[in-house]
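Letters A, B, ... are given to chains in the order of the sequence lines, protein chains preceding strands, and every chain is numbered from 1.
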2 protein chains.
Amino acid sequence: MDTPIDTLSTSAPKPGYDPLYRQVKRRLIERIAAGEWPPGGGLPSETHLAAELGVSQGTVRKALDELASENLVVRRQGRGTFVSEHDQQRTLFQFFKITSDSGKRQFPETTFATRAIRKANSKERKALSLEKGASVWQVLRHRSLEGRVLVVERIVLAAEMFPDFDRHEPLPNNVYRLYERGYGLTVTRAVEELRAVACRKDDAAALGCREGDPVLRVDRIGYGITGKTIELRESICLTDKVHYLSDLH
Amino acid sequence: MDTPIDTLSTSAPKPGYDPLYRQVKRRLIERIAAGEWPPGGGLPSETHLAAELGVSQGTVRKALDELASENLVVRRQGRGTFVSEHDQQRTLFQFFKITSDSGKRQFPETTFATRAIRKANSKERKALSLEKGASVWQVLRHRSLEGRVLVVERIVLAAEMFPDFDRHEPLPNNVYRLYERGYGLTVTRAVEELRAVACRKDDAAALGCREGDPVLRVDRIGYGITGKTIELRESICLTDKVHYLSDLH
DNA sequence: GAGTGGTCTAGACCACTGA
DNA sequence: CAGTGGTCTAGACCACTCA
């Protein structure tokens, strides 16, 4: 024991066969992804879905419970079941891990933003499944709290998925809501890689620190409901007054 | 909309009253915490628990399902329900977020370790709920992969919770299993704060880098099943070949 | 008060494990 | 084969929301 081993990730949905409630769940995901019920919109009640799909209410319930546990829907007693949307709460708690050292959690404001279109490099093409020669939008943002630039953020989006992306002016603070409302694309899951790196000269100017100072670099890949990659994001963050909060449970 | 707001954490177990299955769940947690079923040990079957507690099997099931979703128990079809233990899998995937840039996930080996007892400082006393003058164990470890020191780790434990902690020699690689087997203390949840900082001189020597180089500092607080703080841990990690992986879902 | 999700129950059957 | 958890059903009642 205690000998190092390599192991592969284990988050398998388990069974070798296919229970009814999972089929129901998949069909519901398809219909949500197809836009049958838009973000924030209400699904039919458990009773109605059960009748429509020809299964018992308990089976629909189990499917909906799983969707709720994956944050794809929100259930509200007495009101109904709704497709999750990127409101402030969700964006702040699910997708923004930077926290003030005092423990206060705030949504930063955008104090600078530019957008440009350019050819994707090979790394981006691979991550976004793009053909050679495809274009991407590149967004550069400064996000600030209490008048101080906290994060320099570079976002990369496939141009073909986001036509006329520069039409939206100004860029809203909550871009995930823009993806959702403007393009029907919901980021439901993200994976982040964190590294401590030396600050680059241009970022240092933005952050008000010196070149070479240690900064936290966060590389995020955002995935949609179908598992498709929607967004690449690199955040450079000065962690002298804030930190990245990670809950292991 | 889109105006910054402060908000407090929202992970409340919800209802204003107290459903039966939550009472069952709490009683089961108490019994697990009391050691009635040791880590790795099997709980009675759903049927038996239902009879013993005077509730239906479905209610016991719901309680056990919640415990399983919180990783307090593991359910195995055809075998039974077991109290979670810190086997390699769990320690690696739930509590070790450092990943090789190639994506491979390995358990590092301990290449250096010291233990000492000393007075707790005020910060430690506060975090561990200790009286003035209380003692703590301080563990210093180097953890390596492929012959290279990856992490310098400083662990702080309340001496009163870990009597004769220096008795265990050598210090096992998986210390959470030691807490569990030797002291009946299971770390079930941890919260980590991440910052990019300049490497200190002594850590630089251990990591084979230069003083001032950017390193990732991870401050962890480990909690037991009852919510009590068990461990404080500071990890200093050079992230040129590895990164910290965070899954947002 | 009608409609929603949340709880609790009871029972049947299925899939998996290990002796 | 007996015993375990996993699925599926049906029905009763509770708590909550909103018109």
Side-chain angles (χ1 to χ4, degrees), chain A residues 10-28 31-32 36-37 40-85 87, chain B residues 10-28 31-32 36-37 40-85 87:
Chain A
T10 54
S11 56
K14 284 158 279 184
Y17 68 111
D18 192 16
L20 191 50
Y21 76 91
R22 284 202 185 271
Q23 303 174 36
V24 170
K25 181 184 168 191
R26 271 204 308 280
R27 294 190 53 177
L28 292 174
R31 292 167 76 176
I32 292 171
E36 182 168 341
W37 309 294
L43 273 66
S45 73
E46 295 178 355
T47 322
H48 289 162
L49 282 172
E52 180 191 331
L53 300 171
V55 301
S56 82
Q57 187 189 344
T59 300
V60 171
R61 164 169 288 270
K62 184 143 192 187
L64 288 173
D65 280 346
E66 277 207 6
L67 292 175
S69 78
E70 294 167 18
N71 291 314
L72 298 183
V73 302
V74 173
R75 318 200 71 183
R76 284 196 257 266
Q77 184 173 157
R79 298 193 50 204
T81 303
F82 303 85
V83 180
S84 296
E85 64 181 330
D87 55 5
Chain B
T10 54
S11 55
K14 284 157 280 181
Y17 69 111
D18 193 16
L20 191 50
Y21 75 91
R22 283 200 186 274
Q23 302 174 37
V24 170
K25 182 184 167 191
R26 271 203 309 279
R27 293 190 54 178
L28 291 175
R31 292 167 75 177
I32 292 172
E36 182 168 342
W37 310 294
L43 273 65
S45 72
E46 294 178 356
T47 323
H48 289 162
L49 282 172
E52 180 191 332
L53 300 170
V55 301
S56 81
Q57 187 189 342
T59 300
V60 171
R61 163 169 290 271
K62 185 145 191 185
L64 288 173
D65 281 346
E66 277 206 5
L67 292 176
S69 78
E70 293 167 18
N71 292 313
L72 297 184
V73 302
V74 174
R75 318 200 70 183
R76 286 197 257 265
Q77 184 172 156
R79 299 194 48 205
T81 303
F82 304 84
V83 179
S84 297
E85 65 182 329
D87 54 7

Give every donor-acceptor pair under 3.5 Å between a side-chain atom in residues 73-81 of chain A and any protein atom, sequence neighbours left out.
from	atom 1	to	atom 2	distance (Å)
A:Arg75	NE	A:Thr81	OG1	3.4
A:Arg75	NH1	A:Asp65	OD1	2.7
A:Arg75	NH2	A:Glu46	OE2	2.5

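For B:Glu46, the side-chain atoms get nearest to D:dG5 when compared with the rest of C:dG6, D:dT9, D:dG5. Among the nucleotides C:dC8, C:dT4, D:dT4, the one closest to the side chain of A:Ser45 is C:dT4. With C:dT7, C:dT9, D:dT7 as the candidates, the nucleotide lying closest to the side chain of A:Tyr21 is D:dT7. Checking C:dT9, D:dC8, D:dT7 against every side-chain atom of A:Leu20, the shortest atom distance belongs to D:dC8.
Counting non-hydrogen atoms under 4.0 angstrom, A:Thr81 reaches the backbone sugars and phosphates but no base.
As a whole-Å value, the separation of A:Tyr17 OH from C:dC13 C1' is 11 Å. One interatomic measurement links the two molecules: CZ of B:Arg61 to C1' of C:dC14, which rounds to 12 Å at whole-angstrom precision. In this structure, the CG atom of A:Leu43 is 19 Å from the P atom of C:dG3, given to the nearest Å. Taking atom NZ on A:Lys25 and atom C1' on D:dT7, their separation rounds to 15 Å, with Å as the unit. When the C1' atom of D:dC14 is taken as reference, atom NZ of B:Lys62 falls 13 Å away, rounded to whole Å.
Here OG of B:Ser84 is found 8.0 Å from CD1 of B:Ile32. Values are rounded to the nearest 0.5 Å. Distance OH/B:Tyr21 to CZ/B:Arg61: 15.0 Å, rounded to 0.5 Å.
The shortest distance between side-chain heavy atoms of A:Val24 and A:Leu49 does not fall below 4.5 Å. Side chains of A:Val83 and A:Leu72 form no contact here, defined as non-hydrogen atoms less than 4.5 Å apart. Between B:Leu28 and B:Leu64, the closest side-chain pair of non-hydrogen atoms falls below 4.5 Å.
The residues A:Lys25 and A:Glu70 are annotated as salt-bridged, a charged nitrogen and a carboxylate oxygen being separated by less than 4.0 angstrom.
Taking for each of A:Thr59 and B:His48 the nucleotide of DNA chain D with the nearest heavy atom, the 5'-most of the two is the partner of B:His48.
Residues from residues 64-79 of chain A lying near DNA chain D, meaning a heavy-atom separation below 4.0 Å, are A:Gln77, A:Gly78, A:Arg79 in numerical order.
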